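FYI, side chains are in, hydrogens and waters are out, and symmetry mates aren't considered; it's all heavy atoms of this structure. A quick note: this is a predicted structure, and the numbers were derived from the prediction, not measured.
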Amino acid sequence: MATVNKDYSVEEKLVSVLRLQKMDSRLDEIQVLKGELPMEVKDLEDEIEGLNTRLAHVEDEIRGIQDFITNKKNQIKESEALIKKYEKQQDNVKNNREFEAITKELEMQSLEIKLAEKHIRDANDEVKDKSRTLESAKRTIGEKEANLKHKKGELEKIIGETEKEEKAFYKQSEEARAKVEPRLLAAYEKIRKNYRNGLAVATVVRDSCGGCFNAIPPQRQAEIRQRKKIIICEHCGRVLVDNDLEATVTI
C-alpha cells in the first residue's frame, strides 16, 4: 500500500473512500453475476476426481478377482492332470494299501476341483456386482462431466463478458485504495467485511442511512453535508456521505 504523505481535507478523504467504494461495489456486482458458478465448478471437479479414483479402485479390484479366477482355473487343470495320473497308477497297484492311498488322493483332488469351482462361481458373482458398480459410476461421471461442461461454459461466457471491465476496475480500485488515508482505509476494509453487500460507505437516503435504513437526525444530516468531519452511522458503523457528494464522484 502506498504511503499517503500529504494532509487531506475531510472532504478529500470522503471523496477518495467513496470512489473506492464505488469501484469495489462494481467488482462485487461482477462477482454476484458469476454467482455460485466458480464454487459449483470446483465442487464438480472435485466430485469427478473422487469418482474417477473410486472407478480406478473398482477396476483394480475386478482385475484382482479375475486373476484369482485364473489361478483357480489353473488349479482345476492341475487337479485334473493329477486325477488322470492317479487313475493310471490305480491300474498298476500291487496291494490294497496302495489302492486306498491312491483313492484318497483322487477324492482329495475331486474335492479341490469342487472347491475351486465354488470359488470361481462366487468370484464371478462378485465381478458382476462390481461391474454394475463400475457402470453406475461411469454413468454418474458422464452426467457430472456434462453438467461441468455446461457450468464451465456459463462461467466462461460471463468471464468473457466481464473480464476486461473487471481487470480495469481492479486496477482502478488499487489506485483508489492507495489514495485513501491509512486509518480510514483500515476502517473501510473492516466495515466491508462485516456486511454481505460489502457496503462500507453509505449515502443519506430519505433522511436515513442507505446501508441500514435507520433514521438520521436532522442535526446529524447537517454535519454530514458540511463535510468537516467523518460521520459514522451510529447503528451500523458505515461512513456516511451526502447526496451531493455522492453525485459528484464518478468512476
Side-chain angles (χ1 to χ4, degrees), residues 27-28 30-163 166-167 193 196:
L27 287 168
D28 291 342
I30 293 172
Q31 295 308 313
V32 169
L33 188 61
K34 292 177 185 177
E36 299 295 323
L37 279 173
M39 190 178 296
E40 287 174 7
V41 165
K42 180 66 170 61
D43 287 345
L44 277 168
E45 287 174 339
D46 290 344
E47 278 187 67
I48 290 169
E49 184 180 350
L51 283 166
N52 279 321
T53 300
R54 183 186 174 197
L55 201 69
H57 181 64
V58 174
E59 286 173 339
D60 285 342
E61 286 181 334
I62 290 173
R63 280 192 290 270
I65 296 167
Q66 288 170 336
D67 288 342
F68 173 81
I69 290 170
T70 299
N71 289 335
K72 290 300 173 182
K73 285 180 177 179
N74 289 334
Q75 284 180 19
I76 289 172
K77 288 178 181 179
E78 289 172 5
S79 291
E80 287 173 342
L82 285 171
I83 286 172
K84 287 180 181 179
K85 174 186 171 184
Y86 292 139
E87 284 175 343
K88 285 182 181 179
Q89 289 179 356
Q90 214 172 28
D91 293 335
N92 299 312
V93 293
K94 297 177 181 178
N95 52 55
N96 286 339
R97 187 176 177 184
E98 286 184 11
F99 183 84
E100 287 175 2
I102 292 171
T103 300
K104 283 183 180 179
E105 287 295 335
L106 285 168
E107 289 173 355
M108 182 67 71
Q109 294 307 317
S110 293
L111 286 172
E112 289 288 345
I113 289 172
K114 287 179 181 178
L115 186 59
E117 287 173 341
K118 182 183 183 303
H119 286 158
I120 288 170
R121 285 194 300 272
D122 292 343
N124 278 326
D125 288 341
E126 193 174 355
V127 167
K128 287 177 184 176
D129 287 342
K130 291 192 179 295
S131 294
R132 283 192 287 269
T133 300
L134 198 66
E135 289 307 310
S136 176
K138 284 179 179 178
R139 284 194 299 272
T140 302
I141 289 171
E143 290 166 2
K144 289 192 179 292
E145 284 179 338
N147 193 18
L148 176 61
K149 183 179 179 182
H150 174 69
K151 289 191 179 294
K152 272 187 171 180
E154 286 184 341
L155 183 58
E156 285 168 5
K157 183 181 178 183
I158 293 170
I159 289 172
E161 292 171 350
T162 61
E163 186 175 24
E166 189 174 10
K167 283 182 179 178
K193 288 177 183 176
R196 197 170 179 181

Please assess Lys167 against Glu163 for the test salt bridge (Lys or Arg N to Asp or Glu O under 4.0 Å), listing each intermediate value before the final yes or no. CA-CA 6 Å; Lys167 283 182 179 178; Glu163 186 175 24; 3.6 Å; yes
Rounded to the nearest 0.5 Å, what separates atom [atom1] in [X] from atom [atom2] in [Y]?
X      : Y      : atom1 : atom2 : value
Leu148 : Ile141 : CG    : CD1   : 12.0 Å
Glu143 : Leu51  : CD    : CG    : 10.5 Å
Glu112 : His119 : CD    : NE2   : 9.5 Å

Note, [X] side chain near [Y] side chain (heavy atom, < 4.5 Å):
X      : Y      : result
Tyr86  : Gln90  : no
Ser136 : Arg139 : yes
Lys72  : Leu115 : no
Leu82  : Glu105 : no

Other residues, nucleotides, ligands: >12 heavy atoms within 6.0 Å of Asp91 CG: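 For Asp91, atom CG is crowded (more than 12 foreign heavy atoms under 6.0 Å).
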What residue pairs, at least two apart or across chains, pass side chain to side chain donor-acceptor pair (under 3.5 Å) with a residue in residues 148-162?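 Only Glu40-Lys151, Glu45-Lys152, His150-Glu154 qualify under side chain to side chain donor-acceptor pair (under 3.5 Å).
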Lys138 versus Leu55, closest heavy-atom pair with distance: CG-CD1, 3.8 Å
Locate the shortest heavy-atom distance separating Ile76 from Ala116; write the atom from each residue and the value. CG1-CB, 3.6 Å
Any Lys/Arg nitrogen of Asp129 or Arg132 sitting under 4.0 Å from an Asp/Glu carboxylate oxygen of the other? yes
Taking NZ, NE, NH1 and NH2 as the nitrogens, is one of them in Asp67 or Arg63 under 4.0 Å from a carboxylate oxygen of the other? no
Contacts of Thr140 that satisfy side chain to side chain donor-acceptor pair (under 3.5 Å) - sequence neighbours left out: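 Partners of Thr140 by the side chain to side chain donor-acceptor pair (under 3.5 Å) criterion come out as none, since no residue qualifies.
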Side chain to side chain donor-acceptor pair (under 3.5 Å) filter on Lys42, not counting sequence neighbours, yields Asp46
Judged by modelled atom types alone, do Glu78 and Gln109 share a side-chain donor-acceptor pair under 3.5 Å? no
